[in-house]
2 protein chains.
Amino acid sequence: MRFAYMLFAYKVPTVSRRNDRNRLEEQQFLASYDPSQFDRPSVTVDVVILTLRAGRLEVLLTQRKEHPFKGFWSLPGGFVGMQESLDEAAARVLRSKGGLEGVYLEQLYTFGAPQRDPRTRVISVAYYALVEPGRIQEREGNALFRVVVPWEGEAGGPVEVEGGRSRRHPLAFDHAEILGMAVRRIRGKLEYAPIGFELLPERFTLRQLQQVHETILGRKLNKDSFRRRMLASGRLEPTGELESGTGYRPAELYTFKKDRP
Amino acid sequence: MRFAYMLFAYKVPTVSRRNDRNRLEEQQFLASYDPSQFDRPSVTVDVVILTLRAGRLEVLLTQRKEHPFKGFWSLPGGFVGMQESLDEAAARVLRSKGGLEGVYLEQLYTFGAPQRDPRTRVISVAYYALVEPGRIQEREGNALFRVVVPWEGEAGGPVEVEGGRSRRHPLAFDHAEILGMAVRRIRGKLEYAPIGFELLPERFTLRQLQQVHETILGRKLNKDSFRRRMLASGRLEPTGELESGTGYRPAELYTFKKDRP
DNA sequence: AAGCATATATGCAAAACGCATATAAGTCAA
DNA sequence: TTGACTTATATGCGTTTTGCATATATGCTT
């Protein structure tokens, strides 16, 4: 509230500095500007698509069919089109490679070590997505496979990935580093942002939500404290319905309350 | 501790998949790769250099001498060289435009809206730096000037900047958005990371540290609680010396204890 | 209907926090 | 030298939060 007041106190209708003469000069300058005079890196987006299964964190990867790193597992990604924003490029990758739309997607970090891609200079803007397990269908061909994310050290070291037959797969490029940063980011964000819901179906129990948090954080949480905090957060809407098929007393199902429509 | 164990349990010496034949194929592929076949955006770094003066947050800006946005204030920035990393590019901007070296510098976010620069497609990796006021000398020419950062709305709306004679200056490009995100980032980070020290001289009092936090957060903090938290954090080293020239009882000077050398 | 396993509610001690009060200490002016 | 002044530092206490333990409730299964 106080912030809003100070904002308006300083805000100004303006752009009066941009007078007509200035605008004309600028148009002339732009007409004579030649964009091809400098070397430019390629820019890609890579998306860390995270989901859960059986109490473990999983990431969706694809196996590279071409050089470099042929045969290695890698994050789905693609070049940024000249007419699309970074967010749009990430959403396009998510849609075209994972068949996913409307999921939680956020920029993570930009990786630009000069030799991270042996072909040419490639700068990669990394994103991470959180997807409810029910929305993922595994597909053949160029599509993505779910691979368990083992625990990485806090030091940010390389992350090896364990496949379906419990084989270890090193990742292509610097994707292990990107994956490690995604896990650290989501873990940190869990403590102050309501992102656990993104990995659950529309309706869920408090126990399920706690299990999501425990899986991401990698440690057990106090049940009562967790319940109290979640209920006090005001973001859970009780549906009045109960889960079914548990065999024992079912818990109430809740919905995530979207504050801002 | 527990995490480190799990890391080693999964870690594997490997890269055994990369056999000789695969390596040879890859070399042939790279030799025939033509990097010039795709359109590429330009990539720049822009640095939000933040400092404090008289209990206000300030940012170092330069006034544009060329189109586009000629005459507008803008963040110092530059193109990313083909052989330098993003961090190196940001450090270079900090050094060449601000004469600053060895200051706190961290990647903020990457901005890539297609029309953010009217010349051509420019993707900007934004960084922010925190600088102790004593290290900044204002310079003429192409150099930077300190400009007060007024309070921006939490919504991330445009940030206008107030100059020395209390004029308002709109910022070039999307730099207002970048500045707003930097302020939000540092504010959030203050609650869990020891970054307040970066804006203070080597030795400082608890009151000075609290004033830094209050300036950044834009609100008063409880004095006792702040002292207890800081002293309990184990990051402050008492020097045994006292400040001087206060006119009244001087407080003890502390140093920031660097855990990791 | 009884047993069962979990959900939900209540109580309580320890720690963290906000607030108020009391004491200590260096500076300045007379 | 002394006393007033202002801030630093220490102490106490009620409130809130958190972790832990216990008690009760509830729907399902047999």
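No hydrogens, no waters, no symmetry mates; every other heavy atom, side chains included, goes into these values. Numbered from 1 within each chain, the chains take letters A, B, ... in sequence-line order.
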Short side-chain N/O contact from K223(B) to OP1 or OP2 of dG18(C), under 4.0 Å: no
Salt bridge (Lys or Arg N to Asp or Glu O under 4.0 Å) against R229(A), all qualifying residues, sequence neighbours excluded: none
Rounded to the nearest Å, what distance is computed from the [atom1] atom of residue [X] to the [atom2] atom of nucleotide [N]?
X       : N       : atom1 : atom2 : result
R227(B) : dG12(D) : CZ    : P     : 17 Å
Q211(B) : dT7(D)  : CD    : C1'   : 12 Å
R207(B) : dA8(D)  : CZ    : C1'   : 9 Å

With sequence neighbours excluded, tell me which residues meet ring-ring contact (aromatic ring centres under 6.0 Å, His included) with [X].
X       : answer
Y254(A) : none
F204(B) : F197(B)
Y127(A) : none

From CA spacing to verdict: side chain to side chain contact (heavy atoms under 4.5 Å, CB included), F226(A), E214(A): CA-CA 11 Å; F226(A) 183 82; E214(A) 290 177 343; over 6 Å; no
Under 4.0 Å protein heavy-atom contacts per nucleotide of nucleotides 18-30 of chain D, with B for base, S for backbone only and - for none: BBBB---BBBSS-
Partner residues of L242(A) under the side-chain contact (heavy atoms from CB on, under 4.5 Å) criterion, sequence neighbours left out: P250(A), E252(A)
